[in-house]
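What follows is a single structure, written as structure tokens, with notes after it.
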Amino acid sequence: MFATGRSARALIRPLTGSAVILAALVATATPALASGGGGSGSGGSSTTTTPPIQLSPDSTNVVAGATDGIQVVVSPAAPSAGETLSVKASNASLTAPSSVSISGGSFFGQFAVTANTVTAVTPVTVTVSLGTTSASTNLTVSPAGTATLSSVTAFPGVAASGDAVTVDVSLTSSAPPGGVTVALASDSPALPVPASVSIPAGSTLAQVPTTAGSVTAATVVGLTASLSGAAVSGHVEIDPSRDLTTLALSPASTDGTQGSTGLVTVSVPADGNNFTVALQSSNPAVASVPASVGFLNGQQTASFPISTTAVGASTDVTITATSAGVSKSATLTVVPTPPPAFDVSTVSLSPAVIVGAGTATATITATTAAPAGGVTIPVSSSDSKLASVPAAVFLPAGSTSVSFPVTVPSQSSSVTVGISALFNNRGRAGQLGVTPAKGGTLLQASTASQVLAPRPVNDSATTALGFYQGGTASVESGQLPPGISLISPFRPGEFVFSGSPQKAGTYTFVLKFTNVTTPYTMAYVWVITPS
């Protein structure tokens, strides 16, 4: 019953949305279908309820020698024993089976029909019956070698007035020598199409470019393609024109380092077309924009970047967006980049370690030059008995740094004192090491917050620095005291030095530590004095 080279499997189609809905609606129906065989209303028992029948062919146009599939949907479902419906074709141009069976409990069945040899396009009606109820579907049979229509489709399926639209007319097989001419029609001026389109020999497709017309509301346009008495249909939605409605800038005032963002809005969301809006700047040297901004499918607002450069005086730049002859403009004001705010940056000490009594110089460095009138900066010591400083220092206008003395009396133990400067309720501090005239100590010369434990040592100590973390250590720069060696790797809580200092002096070095987290470096000063 199938054409050569085509199997029944090829005719099995997935359930359509309407079939699924039908199944849901009738699933609870209780009257049973007639049981047993019985085509044409005979040979089977009858019931008080005869179900409706729906037919759905794969194609309404079949070429001689080809096979088409027809799906049957009944309601309610067939009884447990199944049901058999009779099948009949209205003429000999189509061979159909005498019956189609539906399994027990199912709503669906299907059968195949084969087109026979004809000399001209021939209409045929296929009827399926159960008792006194029947349903029919109309097909056409075309002579062998005749190209038949497959579909007519518009791309995109939704377009706005003025958009480009392409109508595709497809054949089920290649056009014969000399090609074919397909009649084409639109049921609305919202999408004009030519009266016909030619598909050249050997091709299965013709593409017709057109432009969506003007509409005031969403309009569904029907398309029909006809060939040899058979027709296929499709549709496309035409929406009102996509007008440029607004152009906004955020922010509308900016400096040369910040830039801005433009926002373009159109009246109708973008569809499958590559929809763009042209952009322009009246002064690209100050505020530049891309040549255009594109809209994604369904997008009604699109953004674009605006890059700005430094200016010496406030400058207005006009940003313009244009689409379909309509322009929208907005003004961007680019102002001079403000100088960095004055603040205290660092506090450094020289020397970083005072041995015995003495005076160190603390230097405050600012982020920018002091403003007119200068700035008074309060300073303090974490222990004024160990290291005394003035209550405040004055940074003259235009200056970026100021120094002041730190007085250290003679000490009996090694300590670290913090020297701080305060501005705008924010402090910056440096560290000063203070050690007795005799003995040795290792002092941390950085304010970094890594987890480590600097410990004071005597001049004859054999260990110097303990850690709560394990890992490896290495000297990145500087010099260790003679007689001292580095232990690496080390375990948590261990010391990383061994040996005895052999030569007095001040030794500055940077250690690099690597543990299970992030490597880091620390600067140290080790003062070795005679015992």
Legend entry - Atom of Pro269, atom of Gly298 and distance for their closest heavy-atom approach: CB-O, 3.6 Å
Inset, instruction - Would you give the length of the straight line joining atom CG of Leu263 to atom OG1 of Thr301, rounded to the nearest 0.5 angstrom? - result: 7.0 Å
Inset, instruction - Output every pair passing ring pair (Phe, Tyr, Trp, His ring centres under 6.0 Å) with a member in residues 349-404, not counting sequence neighbours, ordered by first then second residue. - result: none
Legend entry - Donor-acceptor contact present, side-chain Ser151 to main-chain Thr153, <3.5 Å: no
Inset, instruction - Could you tell me the separation between the CG atom of Leu249 and the OG1 atom of Thr331, rounded to the nearest 0.5 Å? - result: 8.0 Å
Inset, instruction - Could you tell me whether a side-chain N or O of Thr204 sits under 3.5 Å from a main-chain N or O of Thr172, the two making a donor and an acceptor? - result: no
Inset, instruction - Report yes if the side chains of Leu332 and Ile306 come closer than 4.5 Å at any heavy-atom pair, otherwise no. - result: yes
Inset, instruction - Report yes if some heavy atom in the side chain of Val293 is under 4.5 Å from a heavy atom in the side chain of Leu279; otherwise report no. - result: yes
Legend entry - Selection residues 300-338 - residue pairs positive for ring pair (Phe, Tyr, Trp, His ring centres under 6.0 Å), sequence neighbours left out: none
Inset, instruction - May I ask you to decide if Ala287's main-chain N or O and Ser281's side chain share a donor-acceptor pair within less than 3.5 Å? - result: yes
Legend entry - Residues in side chain to side chain contact (heavy atoms under 4.5 Å, CB included) contact with Pro305, at least two apart in sequence or another chain: Pro290
Inset, instruction - Could you list the residues that satisfy ring pair (Phe, Tyr, Trp, His ring centres under 6.0 Å) with Phe423, not counting sequence neighbours? - result: Phe342
Inset, instruction - State whether the side chain of Ser203 and the backbone N or O of Leu205 hold a donor-acceptor pair below 3.5 Å, judged by distance alone. - result: yes
Legend entry - Reference residue Val406; test side-chain contact (heavy atoms from CB on, under 4.5 Å); the match among Ile354, Leu349, Thr359: Leu349
Legend entry - Rounded distance (nearest 0.5 Å) linking atom OG of Ser288 with atom CD of Gln280: 13.0 Å
Legend entry - pair Thr333-Thr315: side-chain heavy atoms closer than 4.5 Å: no
Inset, instruction - Output the distance between atom OG (Ser348) and atom CD1 (Ile364), rounded to the nearest 0.5 Å. - result: 9.5 Å
Inset, instruction - Could you walk me through whether Leu149 and Leu171 pass the side chain to side chain contact (heavy atoms under 4.5 Å, CB included) test, one step at a time? - result: CA-CA 4 Å; Leu149 288 170; Leu171 300 177; 3.9 Å; yes
Inset, instruction - Measure from the side-chain N and O atoms of Ser170 to the backbone N and O of Val152, and report whether any donor-acceptor pair falls under 3.5 Å. - result: no
Legend entry - Leu244 side chain near Thr322 side chain, heavy-atom distance below 4.5 Å: no
Inset, instruction - Check whether any side-chain N or O of Ser403 sits under 3.5 Å from a backbone N or O of Thr363 as a donor-acceptor pair, and report yes or no. - result: no
Legend entry - Pairs touching residues 378-397 that satisfy side-chain hydrogen bond (donor to acceptor under 3.5 Å, both in side chains), sequence neighbours left out: none
Inset, instruction - Keeping the roles fixed (side chain from Ser188, backbone from Ala190), state whether a donor-acceptor pair exists under 3.5 Å. - result: yes
Inset, instruction - Could you pull out the closest heavy-atom pair between Ile199 and Val169, with the gap in Å? - result: CD1-O, 3.9 Å
Inset, instruction - Answer whether the closest heavy-atom distance between the side chains of Asp255 and Pro338 falls below 4.5 Å. - result: yes
Legend entry - Where Pro409 and Leu386 come nearest, the two heavy atoms and their spacing: CD-O, 3.3 Å
Legend entry - Contact summary for Lys328 and Leu247, nearest pair of heavy atoms: O-CD2, 3.4 Å
Legend entry - Any side-chain heavy-atom pair of Thr365 and Thr400 under 4.5 Å: no
Inset, instruction - Give a yes or no on whether the backbone of Ser420 and the side-chain of Arg428 come within a donor-acceptor separation of less than 3.5 Å. - result: no
Legend entry - From Ser56 atom OG to Gln110 atom CD, the distance as rounded to the nearest 0.5 Å: 10.5 Å
Inset, instruction - For the residue pair Leu486 and Val475, establish whether any side-chain heavy-atom pair is separated by less than 4.5 Å. - result: yes
Inset, instruction - Answer yes or no: is there a side-chain heavy-atom contact under 4.5 Å between Phe295 and Val277? - result: yes
Inset, instruction - Starting from the C-alpha separation in whole Å, work towards a yes-or-no answer on side chain to side chain contact (heavy atoms under 4.5 Å, CB included) for Arg242 and Asp163. - result: CA-CA 9 Å; Arg242 187 177 295 105; Asp163 278 355; 3.1 Å; yes
Legend entry - Closest heavy-atom pair and its distance - Val193, Ala185: CG2-C, 3.8 Å
In a table with atom names and distances, give each donor-acceptor pair under 3.5 Å that connects a side chain of residues 206-225 to protein atoms at least two apart or in another chain.
unit_1	atom_1	unit_2	atom_2	d
Gln207	NE2	Asp168	OD1	3.2
Thr210	OG1	Pro192	O	2.6
Thr219	OG1	Ala217	O	2.9

Inset, instruction - Verify whether one side chain among Ser327 and Thr320 offers a donor that lies under 3.5 Å from an acceptor in the other. - result: no
Inset, instruction - Look at the side chain of Ser260 and the backbone N and O of Pro251, then say whether any donor-acceptor pair between them is shorter than 3.5 Å. - result: yes
Inset, instruction - Determine whether the side chains of Ser350 and Thr361 contain a donor N or O and an acceptor N or O closer than 3.5 Å. - result: no
Legend entry - Point-to-point distance, once rounded to the nearest 0.5 Å, from OG1 of Thr265 to CD of Gln299: 10.0 Å
Inset, instruction - Would you confirm whether Ser488, through its side chain, and Thr472, through its main-chain N or O, come within 3.5 Å as a donor-acceptor pair? - result: no
Inset, instruction - Check Ala387 against Val417 and note the closest heavy-atom contact, atom names and distance. - result: CB-CG1, 3.8 Å
